[in-house]
Each structure stands twice: as structure tokens, then as C-alpha cells.
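Notes to accompany the following structure.
Quick note: numbers below take in every heavy atom, side chains included, and nothing from hydrogens, waters or symmetry partners. Keep in mind that this is a model prediction, so the values were computed, not measured.
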Amino acid sequence: MIKLLTSIFLFLSAATFAQVISPGEAKTLAGTLADSKPDTAQINTLLKLAKYHVFKPGENQIDLDSAAHFIKIAGEVNTVLRSNWANGYILLISSYLQKESGQRDQARESVDSATSILKNEVDKNLAGEAYMELASYYDYNDSDLLSQRIDLVRLAVNSYDQSGNIQQKAASLQMLGDLFNINDSKFLALQYLQESLNAYNSIDYKQVQGIYCLMGFIYSKLREFRRALDYELLALKTAESVGDSSMQLCQIYNYLGEIQMGLSEKMKGIYYYEKALEVALQHHDGFAIYLASVNIANAWNSLNKPYKALDIMKSISADYEKPKNYNLDFNIARCYIGSYCLLKQFEKARPYANQLLHMVNTLNMSDHSSISTYTVAIRFFILAGEVEEANRYLDKHNNLAIKLNDYYYLAANQKLRFMLDTTRHHYKAAVTHLLESSRWNDSLSIETKSRQIEELQVQYETDKKENAIASKDKDIKLLTKQSELQQSRIERGRLIRNFMTAGAGLLLLILGLVYREYSSKKKMNRVLSNQRAQINEQNISLQNMVSEQEKLIVEKEWLLKEIHHRVKNNLQIVMSLLNSQSAYIDNEPALTAIHDSQHRVHAMSLIHQKLYNTENLSAISMSSYIRELVSYLRDSFDSGPRIRFEFDITPLELDVSQAVPLGLILNEAITNSLKYAFPNGRDGTISISLSTATPHLYLLSISDNGIGMPSQLNNNKPGSLGMSLMAGLSEDLDGNFTIETHNGTTIRITFVHESSVKGPGQ
């Protein structure tokens, strides 16, 4: 997806860095002017009032005239004082006024001159403000200008650091994070955002939802959706706690929707997109209204509901005028292509595909935007059966993926080639491309792990530097104490010289005492030095041992996660092959058998997915697993709200040897209920219970209030694959399998939790 709303922070008002006073403060300052003397303090007051009127909400000429009046008086006062600092300050405020009045070129010259003066002044706070204002004149859409803008913001960070203005330093660091995100240096962006967050936390500043929001956005672009979700939820929680109902809340909801879509939680994605739409409607923001609506429509397309998507698109186009924005045009075209392709109305989709290709050829789009556009167009050509066009743009897509060195797009290119070969019945080539896609996905996973290790290394280096700084502070304190001790000795020497006239005997006595004290301290220092050296050696040895153990543990966990990830990928390949085969089968029983096999493979794949997505690599939480499996089966059979699910699940974690057969049993039982229990669109309820029968014995129950089990699925009938499979899997669990058909169907399996019967060391 093309990145909409490139920046979270860049579009904030310049007043963020100008530190504008409140109306009450402005009134107080205006009242002090009459009695003030013509000095630098008066100039400071005048320029604060001028700044207040420049940034006052609204476009009133009277405010701009007031600002010009205060600047003029400040200039007249400075003709007498001839203060270089005041001259730079006046130029800075004049640049704000000129920009607000539409005189952008003059404003640029003024702030450039102001920066040249203020950077050499003692007041580094104004220098930081000038650097930030000058940076705003460098277009971040131009890579060369973006680099210069980054350099200026870095200078602002240093200036605010020297002035001790932590809040403005944090804001500048946040700006740096945003700029590096635009520059596609996402790791550096996250580093600066974390520094900004640390600075804000040090002054107990609460309005940090923008930082969390941007960090979540960056992690979503790195396809680390779990971490992205954590940060975006933090952004939402923070926004709610500080009462933020601005358009930033709309942005947070949009990103939450995008992340949930990335996690395949599509209904949750729609929920957050709808929340974003609510905020956009409250603010009457046409662009945001269109964006959220298109996101909702695209989500319905992903759920194979093209009519819902088209209804939303027609409604939004009838009620609101579409803003001019090529990112929005891309998403609208993608939505219509998706809807019409699902309906196999390819001629209606074609104009939108042509529109996307025209955008690539005529607009100055980034490589990431271009490759996203090609992806949508290629899918259309494949589905429409236009092989030559698909191949042509697949090559362009691949060249861009190689240029970007992006494993995600390299994998996507191979997946598209798999789709094309499948439609042409070139199954051998299709399998080759599917395996190559899986290989690139594995590389993407390894790259993600490497990035996480790199983050840990950077964090380690940061901690190391902080410890070094703390050590230097300690050394400075020690030197200070030594200096104080030395000063004390000098004073004592003076006292001795004063008493020398008192007699040689007293002098010898004092010298003897001093020598004995010196010897004692020297001996004590030698002992302490040896003890410190021994302690340091022991600490280094212990640190090395702990580091090696932690490294081995991390490597072991990483390998286990990779194994589960590869098993899950292989099972996904099997599902893709079954799906491809089903497209060319007209025999209904055979098609049903393939779909049943897909459900069984997904039940196993979900187990391995949960293992590599969680910290616990040895056990699966059955509560979350059962709910995710039910969600998948509900979507697969499109049961909608007419079939309701009830859960009564005791928290239980199982290892793979028990989770796999239990997952397959659940799949068979729920599938049978969905297929047979509620014919002719009947409403009904399926209840799933996992409870403790005795301290170590568990009972799994799947029941429905449907018409009862058909005769062809009777447990006693040897030809019933599903029932035979459930009975066999129950034996694998050393469990007891029973079926009741009173007021519906109830399947019960009792089994012993393995960990409860294993002894120590087993």
C-alpha cells in the first residue's frame, strides 16, 4: 500500500518550536510595556507580543499589523542599543510575519540572516528556534534538500541541549525521527524517536502519543506487526488519557486498522477504520473521510464482500467531493479493481488499472509507490488472463524489487508468477515460484531477526556509553574530593610554618605524625587498589559467563522459532497447492474433500504460527488458539451472525504433541456442525467447552443445538472419515471419545494433560 500521510509530525504549526505565549501572558506583558525601559528586556517583551499576534489563530489582518508594530518598535529601540542578539531575534520574528503574509522569499532571507547571527550568541535557545524555522524551507520530498533539512534539525537539537530546553530538544528529536522515516532510514528513525521519548519522560511530559503512533507506523512498514500493534495501542491509550480528540486520533485509528489487516484480523481492522471515519467526520476533514472509507471498502474486498465495498465507494463519492491526491487515487483505483475482479467484471476494472499505470508513467512517484502500483496492476492482468501484459509488468516489478533490495517485494514477485503459471496450468513452474517465494519470506524473517539483534547491540552500546559517562562523573567527584584534601594539606602546611618558631621539637613531632599518616594511607591505598583489581576481574569473568549463556539461550530460541516458522510456511504452501488444484476441479465431492484438507492443514499451521509468534516456544495457549481457529472456520463457511459461538475455556497450555491432535479434532467437530447442523439458513449456537474434570483430567466438549447428526455421519459407520479421524486422534491423546445426539450433537473427549503426569527430568 502506498504510504498516505507521509509524516505525523512535519505538518504541525511552527508555533510548536516558537513557544508562543498564552493570551493571559500576552495581556500581562502588554501591561508592563508602558513602565519598561528601552533595553534588551523591553525588546524581548515586544518580540514575544509580536510572535503572539503572528501565530494567533485565524487570518486577521489586524493581528499581522499589531505584530508589525511591535517589531518596528523593537527595531527602533535596538538602533540605540546596537545589540547583535536583538538584531538576530528581530530578524527571526520578522521571518514569521513575512511567511504568514505570503512573502516566502523575503521570509527565507530573514531567517537565514537570523540563523547566521544567533548561532554565535550565548542564548542557544533562540539559535535552536532559528535552525528549526530555516529547516522548514527545505522540501522533504527532494532527497538532497531532505539531507540538508536533517542537518539543520540536528543543529537545533544541539542548540536546545546547550540551552537546557529539554522539551524543545525532545520535539526536535521527534522531528529527526520523522525525517529519517521519510528518508527510509527506519532504524535511525526509531533510535531518534526513542531518544525523544526518553527526553519527554525525563520532564514528565505526557503528550507523547505522536511518538508512539509514528513508532507503530514504522514497525508496521518493517512488517513487525505485533510490535507495531503494541506501540499503536500505547498511542491510543496515551491520546485518551490526555483527552486528545484531534485528527491525530484519526491517524492512530487508521494505523491500528492497517496493522490488524496485516495480522489478518480483518474485522478488527474494519472496526478501527470505522473509528477513524468517526473522528474524520467530526472534524469535517474531506481527505481523512475519503481515506478511512476507502480503507473500509478495501477491507471488505479482502473478506470477499465486493458488493459492500462498492456500496461504500458509491456512497462516499455521492456525499463528498474527492480531494486531489495521487495516494488517494491509488487506493480508490485499487478498491475498484479488487471489487470488479472478485465479480469477474474485468472490463469495468480495466480503466482503473490503466489509471494506475498512467500514474507511474507521469507522476514523480517513489520506487516504493511504483512497485505497489505495479503489484495491483499485475494482479488484474493475471485475473483477466492477459498473460503478455502480466509478464511485462512482472519484469518491471522484479527490477524495482532488486533495486530496493526488498525481500518482501521479491517474495511477492515470485507469488505473482506462481498465480500466473497456475492460471496457465504450468504447475511445475508454479511450484518452483511458490518455493522461491517461501525462500524470500524466510530471508525476510532472518533479516527481521538480524535487525532485532542489531537493535539489542545498539541498546547495549548506549547503556555502555551511559555507564562510561556515569563513571566519568564519579571520577570528577573523586578528583574534586582530592582537590579539597590537597587544599586542606596546604592550609595545614601554613599552620605548621606558623608554629615553626615555637620550637624544633614540636616541628619534629608534627612531621613524624604526618609521615606516619602518609605511610598508613599509602599502605591502605595499595590494599584497596589490589582489592578493586580482584573485584574487577571477577566482575568481568561473571559478565562473560552470563553473556555466553544469554547468547546460547537466544540462539536456541531463535532456531526453535525458525523451525516453527518454516513448518508453518511449508503448510501454507500445501494449502496454496490445494487451493490452486481446486480451481480446476468440477467434481463437488472432490472439491469438498480438498477444502476439508485445507481446513485440517490450517489447524496445524495455526499451532506453529502461534509458537513462533510468542515468547513461549514449548506450549500453546489453547484459549487463544481455539478462538482463532473458530474465527477462521466462521469466515471460511461464511456463516455470518446466524450461527453464534459460545466459549467456556479453562486456561490451558499444551505442547505440540497434544495440541495438534486436539486442534484437528476441533476442526472436524466444528466443520461438521457448520456443514450439517443448521440446514436452510437456520439460526443456531455452537458451544465449545474446555474444563477440568479432575485435577489432571481435562474435558473438551463441542456441542450444537442443530438437527442432530445425519445418518451418513454416524460414528458407527466405518466409511465416515471425519468421525474415524476424531476417534483415532482421541486414541493418540490416550483419551476417551463419545458422541451424543440428543437435542443436537455433542462430542466429548477426555484426556490427561501430559505435563501433569511427567516426573522430574522426563
Side-chain angles (χ1 to χ4, degrees), residues 1 216-217 220 223 225-233 235-237 249-281 288-289 291-313 315-316 331 334-335 338-339 342-343 572 575 595 598-599 602-603 605-606 609-610 613-614 621-647 649 663 666-667 670-671 673-674 678 681 683-688:
M1 177 178 173
F217 172 80
S220 73
R223 298 171 192 96
F225 294 113
R226 293 292 176 186
R227 190 179 290 190
L229 181 61
D230 289 341
Y231 278 107
E232 219 58 62
L233 288 174
L236 179 59
K237 181 179 179 182
L249 184 62
C250 175
Q251 197 164 41
I252 293 170
Y253 280 132
N254 264 321
Y255 288 159
L256 277 168
E258 185 177 337
I259 292 165
Q260 293 292 1
M261 295 299 291
L263 291 168
S264 297
E265 296 285 355
K266 297 175 182 178
M267 292 307 299
K268 290 182 181 178
I270 290 173
Y271 167 78
Y272 284 118
Y273 285 145
E274 288 177 342
K275 296 290 286 184
L277 180 59
E278 289 177 12
V279 179
L281 288 168
I289 291 169
L291 173 62
S293 299
V294 174
N295 284 340
I296 295 168
N298 274 318
W300 281 119
N301 272 338
S302 71
L303 287 168
N304 201 21
K305 306 283 187 182
Y307 288 115
K308 280 194 174 184
L310 289 172
D311 285 344
I312 291 170
M313 296 306 298
S315 174
I316 192 70
N331 279 275
R334 181 168 74 103
C335 183
S339 297
L342 285 170
L343 296 170
Q572 291 290 338
M575 290 179 67
H595 288 161
Q598 282 182 292
H599 298 329
H602 180 82
S605 170
L606 187 58
Q609 178 180 328
K610 294 190 73 63
N613 272 338
T614 58
S621 169
M622 294 308 295
S623 177
S624 63
Y625 170 76
I626 291 171
R627 284 178 167 82
E628 287 187 36
L629 181 62
V630 167
S631 178
Y632 163 76
L633 291 172
R634 178 193 283 137
D635 290 342
S636 297
F637 286 95
D638 196 17
S639 61
R642 70 182 182 85
I643 298 179
R644 190 166 57 90
F645 282 84
E646 293 180 347
F647 300 94
I649 303 172
L666 280 161
N667 176 74
I670 297 167
T671 298
S673 291
L674 289 170
F678 310 106
D683 293 345
T685 302
I686 299 175
S687 300
I688 302 172

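With a 6.0 Å radius and a threshold of 12 heavy atoms from other residues, nucleotides or ligands, Tyr271 has its OH atom at or below the threshold.
Applying the salt bridge (Lys or Arg N to Asp or Glu O under 4.0 Å) criterion to Arg627, with sequence neighbours excluded, gives no partner residue. The salt bridge (Lys or Arg N to Asp or Glu O under 4.0 Å) search around Lys305 returns Asp638, not counting sequence neighbours. With sequence neighbours excluded, the residues forming a side chain to side chain contact (heavy atoms under 4.5 Å, CB included) with Leu343 are Pro306, Tyr307, Leu310, Gln345, listed by chain and number.
Nearest approach of Gly269 to Met261, heavy atoms of both residues: CA-SD, 4.3 Å. Ser687 approaches Glu646 most closely through the heavy-atom pair OG-OE1, 3.3 Å. Here the shortest heavy-atom pairing between Asn301 and Ala309 reads OD1-CB, 3.4 Å. Of all the heavy atoms in Ser623 and Ile649, the pair that sits closest is CA-CG2, 3.8 Å. Closest of all the heavy-atom pairs between Arg642 and Gly681 is NH1-C, 3.8 Å.
A distance of 7.5 Å separates CG in Asn298 from OG in Ser339, rounded to the nearest 0.5 Å. Rounding to the nearest 0.5 Å places OH of Tyr273 at 6.5 Å from CG of Asn254. Note: Cys335 SG to Ile296 CD1 = 10.5 Å, rounded to the nearest 0.5 Å. To the nearest 0.5 Å, atoms OG (Ser220) and CD1 (Ile259) are separated by 5.0 Å. Between atom CE of residue Met313 and atom OG of residue Ser293 there is a gap of 8.0 Å, rounded to the nearest 0.5 Å. Between the CD atom in Glu265 and the CG atom in Leu256 there is a gap of 13.0 Å [rounded to 0.5 Å].
With Lys266 contributing its side chain and Ser302 its backbone, the two residues share a donor-acceptor pair below 3.5 Å.
Relative ring orientation between Phe217 and Tyr255 is described as tilted, the plane-to-plane angle lying within the 30° to 60° band.
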